[in-house]
Amino acid sequence: MSETLEHRETTIEGVRLHRVRAAGPGTPVVLLHGWPQTWYAWRKVIPELARHHEVFAVDLPGLGDSGSSPRGHGVRIAAEADASIPLCTLPDHQGVIWKR
C-alpha cells in the first residue's frame with residue numbers, strides 16, 4: 001500500500017499539517033480521524049475508496065505527523081480544525097465528499 005500513498009506537509013496559519021493522498025479517478029474524498037487517532041486509522045479504507053475517488057487523509061493539528069496549533073492542541077482545537085483545514089490542504093477541487 002505504501003507505494004501508492006503520497007505524504008505531504010502543508011503549513012496553514014502557522015500549523016504544519018500532514019496529509020496522505022491516494023490518487024484515484026473520481027471526485028476527492030477527505031477523511032478525518034477521531035480523537036486520538038491519525039490518518040493511519042483509515043489505512044484499510046483508503047485503497048478501496050481510491051478505486052473510485054482521489055482520497056485525502058489529514059492528520060489533525062497536534063496529532064500524528066501534524067504540528068500543534070499556536071493555540072494549543074487537544075480535542076477542542078482538532079474539532080475546530082475539522083471543517084476548515086482539510087479543504088485548505090487540497091488542490092483546487094470541486095465536489096468534495098465528506099465522510100465523518
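Throughout, residue positions are numbered sequentially from 1 according to the sequence presented.
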Using modelled atom types only, decide if a donor and an acceptor are shared between the side chain of Ser68 and the backbone of Gly62 within a distance under 3.5 Å. no
Assign the ring pair Trp39 / His7 to parallel, tilted or perpendicular, where the plane angle (0 to 90°) is split at 30° and 60°. perpendicular
Output yes when a side-chain donor or acceptor of His53 lies under 3.5 Å from a complementary backbone atom of Val29, and no otherwise. no
With sequence neighbours excluded, residues passing side-chain contact (heavy atoms from CB on, under 4.5 Å) with Glu9: Arg16
Check whether any side-chain N or O of Asp59 sits under 3.5 Å from a backbone N or O of Thr38 as a donor-acceptor pair, and report yes or no. no
Closest heavy-atom pair, Leu60 versus His33, reported as atoms and distance to 0.1 Å, is N-NE2, 3.0 Å
Would a 4.5 Å heavy-atom cut-off, applied to side chains only, mark Leu17 and Pro61 as touching? yes
Find the distance between CZ (Arg21) and CG (Leu5) and round it off to the nearest 0.5 Å. 10.5 Å
Using modelled atom types only, decide if a donor and an acceptor are shared between the side chain of Arg43 and the backbone of Tyr40 within a distance under 3.5 Å. yes
Nearest 0.5 Å please: distance from the CG atom of Leu49 over to the CG atom of Leu31. 6.0 Å
When you compare the side chain of Trp42 with that of Val20, does any pair of heavy atoms fall below 4.5 Å? no
